[in-house]
Structures are given as C-alpha cells and as structure tokens.
Protein chains: 2
Amino acid sequence: MPREARYRAIARELADRIRSGDLAPGSRLPTEPELAEHYGVHRLTARQAMVELRTGGLVETRHGSGSYVRALRRRYEVSVDPETRLHPPAVIDDIAARLSGGEEIRSAALRQDPVVAGRLGLPDAEVFEVATLLRMEGVPCVASRYALPPRLADLTVEPTEGVLGALRRLGLDHRYRSHTVSADLAGPEDQELLGSEPGAAVLVREGLLVADEEPLCQVVRRCRGDLVAFTTRYE
Amino acid sequence: MPREARYRAIARELADRIRSGDLAPGSRLPTEPELAEHYGVHRLTARQAMVELRTGGLVETRHGSGSYVRALRRRYEVSVDPETRLHPPAVIDDIAARLSGGEEIRSAALRQDPVVAGRLGLPDAEVFEVATLLRMEGVPCVASRYALPPRLADLTVEPTEGVLGALRRLGLDHRYRSHTVSADLAGPEDQELLGSEPGAAVLVREGLLVADEEPLCQVVRRCRGDLVAFTTRYE
DNA sequence: AAGTGGTCTAGACCACTCC
DNA sequence: GAGTGGTCTAGACCACTTC
C-alpha cells in the first residue's frame, strides 16, 4: 500500500474542514503560498490540492483574488406534469416570474443533420435549428436546441412564450413521444453558454415532440447540474 | 487577450484528433515524454494537457501503461413507465437478463436521520436504510439508498426481485408521489461504489414512494452518467 | 505596488505495467 | 529491466485583482 500523496492529504483535510462547516460557504481559503508554508511543501504541491478541490466542485478559484468555498446553491426545482412531461401552466407562470427576459433566442438557422432529420421523418437532411438560453434570475441555467422541419423556418418566437409556446400558438398541439434524461460533463460549449466550470455536471434532457402523431420537434436541453433539478409530482 | 496557454492548445489539438476519429476510441495516445518532445515543451506541460483531456472525459489514463481514448460508451437505455415512473414488467425482465446477480445488498441498518424520517411521516428520527448496487453485465451502474420505516427492518430481499419487488411481495402496492432528477459530480463514495473517475458526472434520481397514500420509502439512486440514460416512452 | 493565482521549465525519484 | 504515468521540489515569469 503506497502512502497517500501529500497533496491528496492536504485536499482531504481542507475538504473535511469545508464539510464540517469550519470553512463556511463563501469564505476564502488560505492562499497557495500560505498552504505551502503551513504544510512545508512546494507551492505546486499545495496548488494540486486546490485542483483536487476544484474538480470535486467544493471550491472555486478567482484569478488574482483567491479560492473560495462554493456557496450552497439554491436549486431551482422545476415541476413537470406527470402525464405530458410539460410544465403545467401554473408552473410556466411561476417560472416566467423568475425568468429574466424569457427564453432568449441565441441562433436560428437551417442546418444539415441527416440523423435528426430522419428522426423527424423528413425527406431531406435539412432541419431548422433554434438554439435558446434560459436564465433564472439572470443566471444562465438551461441551454436548449430545437430541431424543426424546414417548413417552420419562418417561426417567430416571443421571448415570453418560448419556442414550444410559439408552436402551440400556431395550433400545433404537441406532446412528448419519448423523453430521456442523462448526465454529462460540461464541454466547451456548456462553459460558454452556461458559464459552467470545465468538468462540471450537466443534466441532459432530450425529447421528441409529436403533434397529431406526427414528429414535430426534437429538443435537447443541457441544464446546469448545480442549479437545476426537475421534479414530477403525482397527486 | 492573453494568448492561449501552451498546454491548452495541445489539449485542443488532441481533442480535435479524437473527435475527428483520427485517434480512434480505445487507441493509445502518445506518451507524455513523446508529447513533450513533439511540442518542444517540458513533460509537465504535456502532462497538464492530458489532465485537461481526462477531466473532460475524453481520455482515461492507466498508470504504468498509457493514456487511451475512452471507448464510446454504450448507454443502457432503461425504459420507465410514463404513469408510474416504475419499470414496466417487460423491462424488468429485460434488465434482469443483463443484470449479473440482481440488486446486490451492500448494507442494511437502522440509522438516525430526522429529515428523512420526517419525510416518511415517522414519529422518531429512526429509519431503516438499505444500500444496494446494481450492475449491468458486471459493471456497477446504479447505487441506491432506500429509507424505510423501522417496522420493516426484518425485510428480506431476494436479489432477483430487488428492494421494491420485496415490498410488493409483502402486499405493499407502491407508486411514486414525487420524483426528481438532477446531475452531480462523483464524490469519494461514488468512486468507491460505482468506480467513477473523480469528477465524473452522476445522474441522481430521488423519489418518494407511497402505498395507500401513506409514505413508504424514500429512494435515492446515483447512476453513472456515462453509462445510464432513462427513457420514458409515451404511446 | 503588492499579492494572488496561472503557466512553464528543469530535474528528480517513485510506483506501476509489460515484456 | 525498460518504459509508463504519479508525485515532488526549485525557481521563474506572467496575468489578474485589490489597494
């Protein structure tokens, strides 16, 4: 049994102090030189302990300022209707109240994607893709990509109604045919859109919507794992 | 705009080669000394590029052997009944066929937990906690914790039926009252139970089961994000 | 300007894998 | 035993934040 690495022991000790509450959320940890001095190691060794805490999600580091215990984030618990998997109207109002600016359209363009086009039952490879971003109280939380048939390329979306709302306004009464949840790590795109740390957890929800039994829309949502949870309540 | 860090550029170049298929899943990447030589940097700089790829989930490293492009993980798509959120019988049989050893009981003990006890409507803080592990084809996939009223502490569970099956066998016809999904990072416990890498993504499903409108069981499942996805199909 | 974290080089020894 | 990744020290310079 090899003895525990020095940096790992330091990380464990700090992690224990965080979990015990000795180091409170938001408070600043000792600097790297301080840790190195205190434990009698080189700065890089102390630094590696901090890397350990960062990838574990316990700590966040601000360049030039210091490392801080991550605040316990309040999670946005979003209710979902058990039958339809859509948000009940009451919830939509509730969400809207916390939303700043509604569902922001980031881009909308025709794109070649044979796989998704096939899923939508389209004759060609072309799909109309809309990328949106949802913020809760200003914080980016959910990045969505909707793939639609090209005939809907002139779709206009009011921020307050969202893409699915716009479809409904056109008389397309959709519901989910299938719905998948999984977990992934934040890639470069998530970091850019959601402001996730590299290597943070992302909750992925993927669904295929149908209207009149016809495939209408594939939606993929990537949600910040540290901020969002989806709850289904059954009465 | 500061120029891009050397290690980051190297990581990006390797990541592109992986995504383009130039470096196939399962194949070995150049060694750290080779990369250092090739890019004209110190070994630690090349090494940091590998760290980048590891925390991004693209690469896994085996001590003494090398770093390898992570295999495209086949995902276990587990179907869930839309109404009950439980697995339909056909799926249970399907899962059972892939399970090795069924739901393995890791521990079962009485524990003090006022919060969970309150959720179950228990007069005291005591709950009976059962921890289990599910493997798919030998690979640990889902670690569950069931919290039950102490009166069920003599529950016996056949591996093939699972904890929920055992409850049903006792005539407790349960269903979900609420069900939450979220994403988290792998902690030490996940690493031990699920064999997750530090910092890997974990899909968390949490539910409260009721029987005859009485709270019966709180279950928390932590699933390997890279191996498991849950799909609901609506007919 | 002083202090913080971010990057990089140089060189060393150790633990593990594979032959 | 040769080669791989894992850990550690030493020292340097840069970029950012704070004052």
Side-chain angles (χ1 to χ4, degrees), chain A residues 1-15 18 23 26-71 188 191 195-200, chain B residues 1-15 18 23 26-70 188 191 195 197-200:
Chain A
M1 187 66 179
R3 78 175 198 295
E4 182 178 36
R6 203 80 178 77
Y7 77 91
R8 215 176 271 275
I10 297 171
R12 214 165 29 79
E13 186 170 323
L14 289 170
I18 291 173
L23 289 166
S27 65
R28 209 181 83 151
L29 282 90
T31 67
E32 291 175 1
E34 278 167 2
L35 286 173
E37 159 90 67
H38 180 268
Y39 289 102
V41 296
H42 187 76
R43 186 190 139 206
L44 278 193
T45 304
R47 179 173 172 73
Q48 193 154 358
M50 301 305 284
V51 171
E52 195 85 343
L53 295 176
R54 262 202 300 279
T55 61
L58 278 177
V59 155
E60 75 186 329
T61 298
R62 294 200 276 275
H63 188 176
S65 167
S67 288
Y68 301 81
V69 180
R70 285 187 84 156
Q191 289 166 41
S196 297
E197 302 265 324
Chain B
M1 186 68 178
R3 79 173 198 296
E4 181 177 35
R6 203 79 179 78
Y7 77 90
R8 216 176 270 275
I10 297 172
R12 215 166 29 80
E13 185 170 323
L14 289 170
I18 291 173
L23 288 167
S27 66
R28 210 182 83 152
L29 283 99
T31 68
E32 290 175 2
E34 278 166 4
L35 286 173
E37 159 90 65
H38 179 270
Y39 289 100
V41 296
H42 187 77
R43 186 191 139 206
L44 277 193
T45 305
R47 179 174 172 73
Q48 194 155 357
M50 302 304 284
V51 170
E52 196 85 342
L53 296 175
R54 263 203 299 279
T55 60
L58 278 178
V59 155
E60 74 185 331
T61 298
R62 293 199 277 277
H63 189 177
S65 165
S67 287
Y68 301 80
V69 180
R70 283 189 84 156
Q191 290 166 42
E197 303 265 324

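Since the model is a prediction, treat every value here as computed from it, not as a measurement. Below, read A as the first sequence line, B as the second, and so on, with proteins coming before strands; counting in each chain starts at 1. Values below: all heavy atoms of this structure, side chains included; hydrogens, waters and symmetry mates excluded.
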Nucleotide dT9(C), atom C1' - distance to CD1 of Ile10(B) in whole Å: 13 Å
Polar atom pairs (N or O), protein with nucleotides 17-19 of chain C, under 3.5 Å:
| residue | atom | partner | partner atom | Å |
| --- | --- | --- | --- | --- |
| dT17(C) | O4' | Gly64(B) | O | 3.3 |

Rounded interatomic separation in angstrom, taking CD from Glu34(A) and C1' from dG5(C): 13 Å
Pair Val59(A)-Ile18(A), side chain to side chain contact (heavy atoms under 4.5 Å, CB included): steps then yes or no: CA-CA 9 Å; Val59(A) 155; Ile18(A) 291 173; 3.8 Å; yes
Test log, rule side chain to side chain contact (heavy atoms under 4.5 Å, CB included), inputs Val69(B) and Leu29(B): CA-CA 7 Å; Val69(B) 180; Leu29(B) 283 99; 3.9 Å; yes
Residue pair Leu58(A) / Leu14(A), side-chain heavy-atom distance below 4.5 Å: no
Partners meeting side-chain hydrogen bond (donor to acceptor under 3.5 Å, both in side chains) with Arg6(B) (sequence neighbours left out): none
Where Thr31(B) and Arg28(B) come nearest, the two heavy atoms and their spacing: CG2-NH2, 3.2 Å
Between C1' of dT7(D) and CE of Met50(A), the distance in whole Å: 19 Å
Arg54(A) (side chain) donor-acceptor with Ser67(A) (main chain) under 3.5 angstrom: no
Atom pair distance, as rounded to whole Å: CZ in Arg8(B) and C1' in dA15(D): 14 Å
Whole angstrom value for the distance that separates C1' of dC16(D) from CD of Glu60(A): 16 Å
Length of the CD-P vector between Glu4(A) and dG6(D), whole Å: 16 Å
Nucleotide dG5(C), atom C1' - distance to CG of Leu53(A) in whole Å: 15 Å
Whichever of Glu32(B) and Tyr7(A) has its nearest DNA chain D nucleotide further upstream toward 5': Glu32(B)
Closest contact, heavy atoms only, Ala36(B) versus Ala46(B): N-CB, 3.8 Å
Expected output: side-chain Arg8(A) to main-chain Glu52(A) donor-acceptor under 3.5 Å: no
Over 12 foreign heavy atoms within 6.0 Å of CD, Glu37(A): no
Nearest-angstrom distance from the residue atom CD of Gln48(B) to C1' of dG5(D): 15 Å
Residues from residues 37-47 of chain B lying under 4.0 Å of DNA chain D - heavy atoms: Arg43(B), Leu44(B), Arg47(B)
